[in-house]
Colleague: 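I'd like to ask you about the structure that follows.
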Amino acid sequence: MTGSDSKAGADRQDVMAEIAGLVARVSAADHAYHSEDAPVISDADYDALKRRLQQLEELHPDLARPDSPTRRVGAAPSEGFGKVTHAQRMMSLANGFSREDVTDFIARIRSFLNLGADQPLALTAEPKIDGLSLSLRYENGILVQAATRGDGVVGENVTANAMTIADIPQRLQGAPEILEVRGEVYMSHADFAALNASGEGKIFANPRNAAAGSLRQIDPAVTARRPLRYFAYGWGALSEPLADTQFDAVARLAALGFQTNPLMRRCQDAEGLIVTWTEIEKQRASLGYDIDGVVYKVDDLSYQARLGFRATTPRWALAHKFPAETAWTRLERIEIQVGRTGALSPVARLAPVTVGGVVVSNATLHNEDYIAGRDSSGAPIREGRDIREGDWVQIYRAGDVIPKIADVDLSRRADDAVPFAFPTHCPECGAEAIREPGDSVRRCTGGLTCPAQAVEKLKHFVSRAAFDIDGLGAKQIEMFFADPALPIREPAHIFTLAARDDAGLARLKNREGFGERSVEKLFAAIEERRRIPLARLIFALGIRHVGEVASATLARHYGSWSALAGALDRAAPAAERHVRAEEAVAHERAEAAAQGRRARLKETRDRVWSEAPDPGDEARAAWADLVGIDGIGEVLAGSLVTAFAQEAERAGIDRLLEQITPLDVEAAPEARTEISGKTLVFTGTLERMTRAEAKSRAEAMGAKVAGSVSARTDLLIAGPGAGSKASKAAELGVTVIDEDEWLRIAGAG
DNA sequence: CAGCCTCGAGTTCC
DNA sequence: CTCGAGGCTG
């Protein structure tokens with residue numbers, strides 16, 4: 001035995017020992033993670049161990065052990081890019097399409113800021129580049145991270161790729177310590193044509209897709225060869241302000257070395273914006289890159305700060321879009337889809353046609369009124385022209401995404417074309433499809449016995465904001481739903497799947513698209529979700545009107561599943577009376593409209609109310625507590641309580657609850673500002689701030705703003721001219737402050 | 001009771 | 001992304 005052989009032998013010993021150790025540690029971590037114990041090591045440590053194990057096994061395949069956890073859970077990597085939580089949310093923009101939208105925008109801002117007619121309001125206008133937004137984070141002048149927008153909160157880390165783009169500086173001179181630059185990655189028309197002609201990679205439909213595809217390359221070397229460009233137009237987190245105005249801040253970005261759009265202008269009013277919009281539109285074809293509108297922003301940054309944000313958009317900006325591109329094609333036929341709530345939605349199947357660089361073959365038709373050429377109030381749309389199978393129709397992509405039908409060419413309509421007969425029965429289950437008075441959609445009455453509704457509800461159950469089970473998406477749900485041997489027909493079945501597949505994976509793993517590893521992975525993902533946050537569970541149930549936000553509100557209010565279910569059960573008798581009254585009112589309203597007389601709503605409600613049996617004090621209290629929650633109204637509450645009281649629905653929920661453990665909501669975090677968690681009321685005239693602004697400010701600081709003073713009010717802000725509210729506050733001993741004091745509090749936040 | 005704003009539901013294509 | 005409906009304010 002030579003020296004080198006013995007050394008190799010010793011190395012093999014070491015590798016074997018290391019592999020054995022890694023297998024043991026990873027297996028233990030897997031077990032702790034998937035059973036109900038707390039994980040024993042961090043995700044990062046786990047990944048490192050597993051990667052090391054994989055590496056060794058690849059280098060020494062003969063030493064790989066049959067019981068290695070890498071065999072069970074699959075090779076896993078290449079999940080794409082890492083996730084990045086934006087230091088400051090990347091918002092989208094409100095859209096405008098008409099001159100009126102622009103004047104409304106200006107008027108809304110003026111009234112929010114309480115500006116007099118003589119006070120100027122400057123705005124910037126710049127082309128809206130049709131690319132993808134990218135946030136660049138610089139720390140002490142060094143580019144440290146580039147992230148895509150994603151959902152606005154969490155994006156993808158594409159730093160290595162961004163570093164290959166020539167327009168993106170990697171070092172900045174004289175920049176703030178922390179600087180997040182926001183801008184758009186795009187590809188010019190010329191570069192796009194050359195890229196497609198070169199035959200490198202696939203053929204892209206349009207420059208935007210080409211830019212997106214190029215930026216999201218796993219290998220930065222590929223991105224480097226793609227001719228990507230970047231315009232900077234804004235910023236996120238900052239350690240110090242860039243300037244006092246939008247215009248100067250963008251100029252500062254240019255001075256730091258960024259490309260900024262040369263067509264940016266400063267305007268003084270709506271008229272100026274529209275003139276700029278018209279000029280930019282004229283140049284659209286000759287710019288050499290795609291734009292889809294003009295973005296307006298309030299110039300004064302202190303105004304921007306006062307205006308703040310709505311749910312997903314800043315109040316101080318508007319994207320004024322150019323008219324959408326359109327194309328004519330033939331409508332082959334109209335099909336009906338059944339949604340999770342039973343809604344029958346008509347979809348147009350089209351002869352494929354290119355609109356705005358994308359081939360479109362389907363378009364939404366909304367509902368039966370839309371096909372007939374009416375909106376929900378009965379007013380004509382498309383001048384009342386209906387849509388028939390075989391018609392020639394004009395397609396556009398609303399907001400550049402959703403294909404819709406703008407118009408119908410009657411001159412090309414076949415003589416034997418007949419108006420579309422909207423089905424009165426569900427095409428999936430045959431149950432009657434009813435349109436409730438006042439409703440615009442027709443709904444299948446089959447409930448959970450309708451396979452389409454059942455499968456759509458299941459898809460909702462596993463969706464992102466609900467149970468979010470890895471490896472169990474819409475496709476898999478369809479497959480399992482139809483499976484005769486191992487079916488998933490209701491949520492509880494998901495959690496009994498592994499137990500039912502007792503032939504040792506025999507049935508599942510041999511199926512197309514399912515290997516042993518993916519089955520193991522799926523079962524592990526399901527196990528992981530047996531413990532589920534209460535809000536997700538409520539949302540997952542798919543009760544009408546109960547979406548993500550309402551679910552979170554309910555979870556916060558009740559804290560635990562037992563508290564919620566108990567309250568809903570107690571409220572049931574009271575809810576019944578409300579639901580019945582609301583039904584009668586909707587019916588009366590529709591009938592009155594049809595007969596052209598005034599609806600007697602109050603009378604109708606009172607009549608049903610007095611005829612219904614008294615639900616009792618306990619039920620009344622539970623109901624009052626439910627509808628007293630901020631954001632929970634009677635319709636939502638009625639839908640919720642009714643769902644829980646329905647036998648079949650409740651039985652399904654109970655079967656699910658045998659399989660899972662809802663996690664209680666933890667107590668809210670410590671208050672951060674002196675008014676967080678408090679209820680405020682404004683009264684009288686505020687002189688330096690409008691009501692809307694004060695409200696938005698208070699809410700941003702964690703307070704709730706109510707309309708009237710009650711025992712639950714913590715603070716009354718009274719301006720001059722305060723009347724009954726101030727006296728009531730005095731009566732109740734509520735603290736009253738004036739506007740100066742309010743400004744101090746608001747300023748402090 | 002009208003007029004905001006936000007949420008929920010449904011939809012398409014990459 | 002859009003539409004319609006729900007919820008809340010003035």
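Lettering of chains follows the sequences in order, A, B, ..., and the numbering in each one begins at 1. Bear in mind that the values here come from a model prediction, so they are computed numbers and not experimental data.
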Colleague: Working to the nearest 0.5 Å, report the span between CG of Leu626(A) and CG of Leu568(A).
Modeller: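 Leu626(A) atom CG to Leu568(A) atom CG measures 6.5 Å (nearest 0.5 Å).
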Colleague: For the OG atom of Ser345(A) and the CD atom of Glu368(A), what is their distance to the nearest 0.5 Å?
Modeller: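 Nearest 0.5 Å value for the OG-CD distance: 11.5 Å.
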Colleague: Between Glu548(A) (CD) and dG10(B) (C1'), how many Å, whole number?
Modeller: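 Interatomic distance, CD of Glu548(A) to C1' of dG10(B): 16 Å.
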Colleague: Measure the distance from CD1 on Ile405(A) to C1' on dT12(B) and round it to the nearest whole Å.
Modeller: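 Rounded to whole Å, this separation is 13 Å.
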Colleague: Can you tell me how far the CG atom of Leu132(A) sits from the CZ atom of Arg208(A), to the nearest 0.5 Å?
Modeller: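 Going from CG on Leu132(A) over to CZ on Arg208(A), the span is 9.0 Å.
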Colleague: Across the strands shown, which category fits Gly631(A) at heavy-atom distances under 4.0 angstrom: base, sugar-phosphate, nothing?
Modeller: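 Answer is sugar-phosphate: Gly631(A) comes under 4.0 Å of backbone atoms only.
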Colleague: Nearest whole Å is fine: how far is dG10(B) C1' from Leu365(A) CG?
Modeller: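 It is 13 Å, rounded to the nearest whole Å.
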Colleague: More 5' along DNA chain B: Ser361(A) or Val549(A), using each one's nearest nucleotide?
Modeller: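 So the residue in question is Val549(A).
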Colleague: Find the distance Arg397(A):CZ to dT11(B):P and express it as a whole number of Å.
Modeller: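 The answer, rounded to whole Å, is 18 Å.
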Colleague: Could you please name the option among dG7(C), dG10(B), dC14(B) that lies closest to any side-chain atom of Asn209(A)?
Modeller: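 Of dG7(C), dG10(B), dC14(B), dC14(B) is nearest to the side chain of Asn209(A).
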Colleague: Rounded to the nearest Å, what distance is computed from the CD atom of residue Gln337(A) to the C1' atom of nucleotide dG10(B)?
Modeller: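 These atoms are roughly 9 Å apart.
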Colleague: What nucleotide, of dT11(B), dC14(B), dC3(C), holds the atom closest to the side chain of Val358(A)?
Modeller: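 Taking heavy atoms from C-beta onward, the closest nucleotide is dC14(B).
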Colleague: Go through dT6(B), dC1(C), dC3(C) for me and flag the one nearest to the Lys404(A) side chain.
Modeller: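 For Lys404(A), the side-chain atoms sit closest to dC3(C).
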Colleague: Categorize Val441(A) for me: base, sugar-phosphate, or nothing, with a 4.0 angstrom heavy-atom threshold over every strand shown.
Modeller: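 If one applies the 4.0 Å heavy-atom cut-off, Val441(A) turns out to touch nothing in the nucleic acid.
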Colleague: Over how many whole Å does the gap from Ile395(A) atom CD1 to dC1(C) atom P extend?
Modeller: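 After rounding, the gap between these two atoms is 19 Å.
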Colleague: Please say which of Gln453(A), Lys457(A), Gln646(A) ends up in a side-chain contact (heavy atoms from CB on, under 4.5 Å) with Leu448(A).
Modeller: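 Considering Gln453(A), Lys457(A), Gln646(A), a side-chain contact (heavy atoms from CB on, under 4.5 Å) with Leu448(A) is found only for Lys457(A).
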Colleague: So which nucleotide from dA9(B), dC13(B), dG8(B) ends up closest to the side chain of Arg340(A)?
Modeller: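 Nucleotide nearest to Arg340(A)'s side chain: dA9(B).
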Colleague: Thr341(A) side chain N/O closer than 4.0 Å to the phosphate oxygens (OP1, OP2) of dA9(B)?
Modeller: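 No, Thr341(A) has no side-chain N/O under 4.0 Å of OP1/OP2 on dA9(B).
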Colleague: Find which nucleotide of DNA chain B each of Val359(A) and Val338(A) is nearest to by heavy atoms, and output the residue with the more 5' nucleotide.
Modeller: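 Result: Val338(A).
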Colleague: Would you mind reading off the distance between Ile538(A) atom CD1 and dC7(B) atom C1', rounded to a whole angstrom?
Modeller: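 Taking atom C1' of dC7(B) as the reference, CD1 of Ile538(A) is at 16 Å.
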Colleague: For the side chain of Val347(A), starting at C-beta, report the closest nucleotide among dT2(C), dT12(B), dG8(B).
Modeller: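 So the nucleotide nearest the side chain must be dT12(B).
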Colleague: Counting side-chain heavy atoms from C-beta on, which of dC13(B), dA9(B), dC1(C) comes nearest to Arg544(A)?
Modeller: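 Looking only at heavy atoms from C-beta outward on Arg544(A), the closest nucleotide is dA9(B).
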Colleague: Name the orientation class of the two ring planes belonging to Trp609(A) and His578(A) (parallel below 30°, tilted from 30 to 60°, perpendicular beyond 60°).
Modeller: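 If you compare the ring of Trp609(A) with that of His578(A), the planes turn out perpendicular.
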Colleague: What is the distance from CG of Leu636(A) to P of dC7(B), rounded to the nearest Å?
Modeller: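 Spelled out: CG on Leu636(A) to P on dC7(B) is 12 Å.
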Colleague: Give the nucleotide from the list dT12(B), dT2(C), dC5(B) with an atom nearest to the side chain of Pro403(A).
Modeller: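 My answer, after comparing the listed nucleotides, is dT12(B).
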Colleague: Using a 4.0 Å heavy-atom cut-off, does Ala550(A) contact any base of the nucleic acid, only the sugar-phosphate backbone, or nothing at all?
Modeller: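 Touches sugar-phosphate only.
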Colleague: Are Gln394(A) and Thr326(A) close enough that a side-chain donor and a side-chain acceptor fall under 3.5 Å?
Modeller: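 There is such a pair between these side chains.
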Colleague: Any side-chain N or O of Asn362(A) less than 4.0 Å from the OP1 or OP2 oxygen of dC13(B)?
Modeller: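 Answer yes for this pair, as a side-chain N or O of Asn362(A) is under 4.0 Å from OP1 or OP2.
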